[in-house]
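A note on names: the letters A, B, ... follow the listed sequences, proteins ahead of strands, and every chain is numbered from 1.
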Number of protein chains: 2
Amino acid sequence: MQKEHNLSKNQKIIFDLIDKSGGPMKAYSILFNVQKKGIKAPLQVYRALGKLVEIGKIHKIESRNAFIACQNSSCQVSKATAFSICESCENVSEISNSKLSKYLSNFSDNSGMKYSKYNLEFFGLCKKCKSK
Amino acid sequence: MQKEHNLSKNQKIIFDLIDKSGGPMKAYSILFNVQKKGIKAPLQVYRALGKLVEIGKIHKIESRNAFIACQNSSCQVSKATAFSICESCENVSEISNSKLSKYLSNFSDNSGMKYSKYNLEFFGLCKKCKSK
DNA sequence: TAACGTTATGTAATAATATAACATTTATAA
DNA sequence: TTATAAATGTTATATTATTACATAACGTTA
């Protein structure tokens, strides 16, 4: 269960935008979209993004430098994320598969390393793009 | 088994540098290091990096914007990569665990998506940093 | 409520990462 | 040898992200 966080003004504006978009958004596209709301500088966007990522309301899609609203209410606050990315239309969705997350959360090898977090990105073609 | 590729001059210079470094290197750090060899512009570096990634000689660590030599001779040419990253010392190593790669390569869900590639990054503390 | 510490905001400048566009050269193979 | 693809060189520019510093709002607790 996610802890309730009281988002600040900028955090709320930016979260709502990303959430409503339904897909990944890039920082400067966000900036462009919130300028009418008084958010004028990149840093204002990046600060809000940083906080939203920290509390698990959004995730960063590392391979795309983009941010997407968390679609998984039971997600362990960004400690365990998996995404599927269509390399043709760039559609992204969060994978919530308990077997997968259990498998990866429990993964360990003989490196002596203690894993506390992972991010997995799958690439391929989505249903639509496959049939083109 | 990896196909043999004849690296071009720039590709060889840049691969050798990354390989010898033993860890991840960032593009502009690479640029700085190869300037004495006549590679003067970012694009020359990025082009070589692009090709080296394409043929699987190096991998990009997406969360770090860095590039590391492939440490896994049997790796499926960058189609299936997994790394462990120490969040304290930033040491990165490639995970080659056949159970893991088999599990992920065969992963599928009911999204209708055909996955042809994945990248997994684990984060945590390495042995050394844990004991500090 | 006053004082304090923490979190968030505003603003300007700049750093770090990556690509576009175009001209030329080298390697490969038909 | 010719033509085709791959690689190179160069300049400029686009995109992504942070540093530094000043101020304001919020939450706690004395």
Side-chain angles (χ1 to χ4, degrees), chain A residues 3-18 21 23-68 77 85 87 90 92 119 121, chain B residues 3-18 21 23-68 77 85 87 90 92 119 121:
Chain A
K3 189 183 160 205
E4 260 310 310
H5 284 275
N6 296 318
L7 300 185
S8 73
K9 178 173 136 281
N10 289 1
Q11 288 158 18
K12 188 158 179 9
I13 290 169
I14 286 171
F15 174 72
D16 286 347
L17 176 67
I18 300 173
S21 86
M25 290 193 77
K26 313 201 99 195
Y28 277 74
S29 153
I30 292 168
L31 176 58
F32 178 81
N33 276 277
V34 297
Q35 273 175 335
K36 53 198 159 218
K37 304 222 173 181
I39 296 175
K40 293 177 202 155
L43 188 50
Q44 294 176 291
V45 173
Y46 279 104
R47 281 198 284 223
L49 290 174
K51 187 70 187 185
L52 291 166
V53 165
E54 187 190 317
I55 65 180
K57 298 284 288 181
I58 65 173
H59 304 300
K60 182 170 187 181
I61 309 300
E62 293 288 356
S63 67
R64 298 299 186 260
N65 297 321
F67 300 85
I68 193 168
V77 184
I85 302 170
E87 290 186 295
E90 292 295 325
V92 173
N119 179 54
E121 298 182 4
Chain B
K3 190 186 159 201
E4 259 313 310
H5 284 276
N6 296 319
L7 301 185
S8 73
K9 179 173 136 281
N10 289 1
Q11 288 159 17
K12 187 159 180 10
I13 290 169
I14 286 171
F15 175 72
D16 286 346
L17 175 67
I18 300 173
S21 85
M25 289 194 77
K26 314 200 98 194
Y28 278 73
S29 153
I30 292 168
L31 176 58
F32 177 81
N33 276 278
V34 297
Q35 274 175 335
K36 54 198 160 217
K37 304 222 173 180
I39 296 175
K40 293 178 202 154
L43 191 49
Q44 294 176 292
V45 172
Y46 280 103
R47 281 197 286 223
L49 290 173
K51 187 69 186 185
L52 290 167
V53 165
E54 187 190 318
I55 65 180
K57 299 283 288 182
I58 65 173
H59 304 301
K60 183 171 187 180
I61 310 300
E62 293 288 356
S63 66
R64 297 300 186 262
N65 297 320
F67 301 85
I68 193 167
V77 185
I85 302 170
E87 290 186 295
E90 293 293 327
V92 174
N119 179 54
E121 298 182 3

Sorted by chain and residue number, the salt bridge (charged side-chain N to carboxylate O under 4.0 Å, His left out) partners of B:K40 (sequence neighbours excluded) come out as none

- Message: Assess the residue pair B:I39 and B:I30 against the criterion (side-chain contact (heavy atoms from CB on, under 4.5 Å)); give the C-alpha distance rounded to whole Å, side-chain angles, the decisive distance to 0.1 Å, and a yes or no.
- Response: CA-CA 10 Å; B:I39 296 175; B:I30 292 168; over 6 Å; no

Q) Can you find an N or O donor on one side and an acceptor on the other, under 3.5 Å apart, linking the side chain of B:Y28 with the base of C:dA15? A)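 Side chain to base: no pair below 3.5 Å.
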
Quick one: which protein N/O atoms are closer than 3.5 Å to N/O atoms of nucleotides 4-6 of chain D? Pair and distance per line, please.
none

Practice prompt. Please tell me if the side chains of B:L52 and B:L7 come closer than 4.5 Å, counting only heavy atoms from C-beta onward.
Written response: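 The answer is yes; the side chains approach within 4.5 Å.
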
Tell me, do A:N10 and A:V45 make a side-chain contact under 4.5 Å, heavy atoms counted?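 A side-chain contact under 4.5 Å is absent here.
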
A correct 5'-to-3' footprint of nucleotides 25-30 of chain C, with B, S and - meaning base, sugar-phosphate only and no protein heavy atom under 4.0 Å, is ------

Sorted by chain and residue number, the side chain to side chain contact (heavy atoms under 4.5 Å, CB included) partners of B:E87 (sequence neighbours excluded) come out as A:S116, A:K117, B:R64, B:F123

For [N], take OP1 and OP2 only and decide whether either is under 4.0 Å from a side-chain N or O of [X].
X     : N      : result
B:K60 : C:dA18 : yes
B:S8  : D:dT8  : yes
A:K9  : C:dA8  : no
B:N65 : D:dT16 : no

Between [N] ([atom2]) and [X] ([atom1]): distance, integer Å:
X     : N      : atom1 : atom2 : result
B:I55 : D:dA7  : CD1   : C1'   : 13 Å
A:K26 : D:dA14 : NZ    : P     : 15 Å
A:R64 : C:dT17 : CZ    : C1'   : 16 Å
B:N10 : D:dT10 : CG    : P     : 11 Å
A:E62 : C:dA18 : CD    : P     : 12 Å
A:I30 : D:dT15 : CD1   : C1'   : 14 Å
A:I14 : C:dA8  : CD1   : C1'   : 12 Å
B:L31 : C:dA18 : CG    : C1'   : 12 Å

Note to self: Looking only at the side chains, is there a donor atom on one of B:N33 and B:Q35 sitting less than 3.5 Å from an acceptor on the other?
What the structure shows: no

Would A:E62 and B:S63 count as having a side-chain donor-acceptor pair, cut-off 3.5 Å?
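Short answer, no.
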
CD1 (B:I14) and CD1 (B:I58) are apart, to the nearest 0.5 Å, by 8.5 Å

Discussion item. If I take atom CD1 from residue A:I68 and atom CD1 from residue A:I18, how far apart are they, to the nearest 0.5 angstrom?
Written reply: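 Atom-to-atom, A:I68:CD1 and A:I18:CD1 are 9.5 Å apart.
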
Subject >> Contacting residues from residues 37-47 of chain A, given that a heavy atom lies under 4.0 angstrom of DNA chain C >> reply: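 Those residues are A:K40, A:A41, A:L43, A:Q44, A:R47.
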
Judged by atom type as modelled, is there a donor-acceptor pair below 3.5 Å linking the side chain of A:E54 to the main-chain atoms of A:K51?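 Looks like no, no N/O pair under 3.5 Å.
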
Verdict with reasoning, A:K60 to A:N65, per side-chain contact (heavy atoms from CB on, under 4.5 Å) = CA-CA 7 Å; A:K60 182 170 187 181; A:N65 297 321; 4.1 Å; yes

### Where A:E90 and A:I85 come nearest, the two heavy atoms and their spacing
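That closest heavy-atom pairing would be OE1-CG2, 4.3 Å.
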
Closest contact, heavy atoms only, B:M25 versus B:S21: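 Closest approach of B:M25 to B:S21: CG-OG, 3.5 Å.
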
Worked verdict on A:F67 versus A:I61 for side-chain contact (heavy atoms from CB on, under 4.5 Å):
CA-CA 6 Å; A:F67 300 85; A:I61 309 300; over 6 Å; no

Overall bend of the helix from C:dT1-D:dA30 to C:dA30-D:dT1 (five pairs an end, 10° steps) is 40°

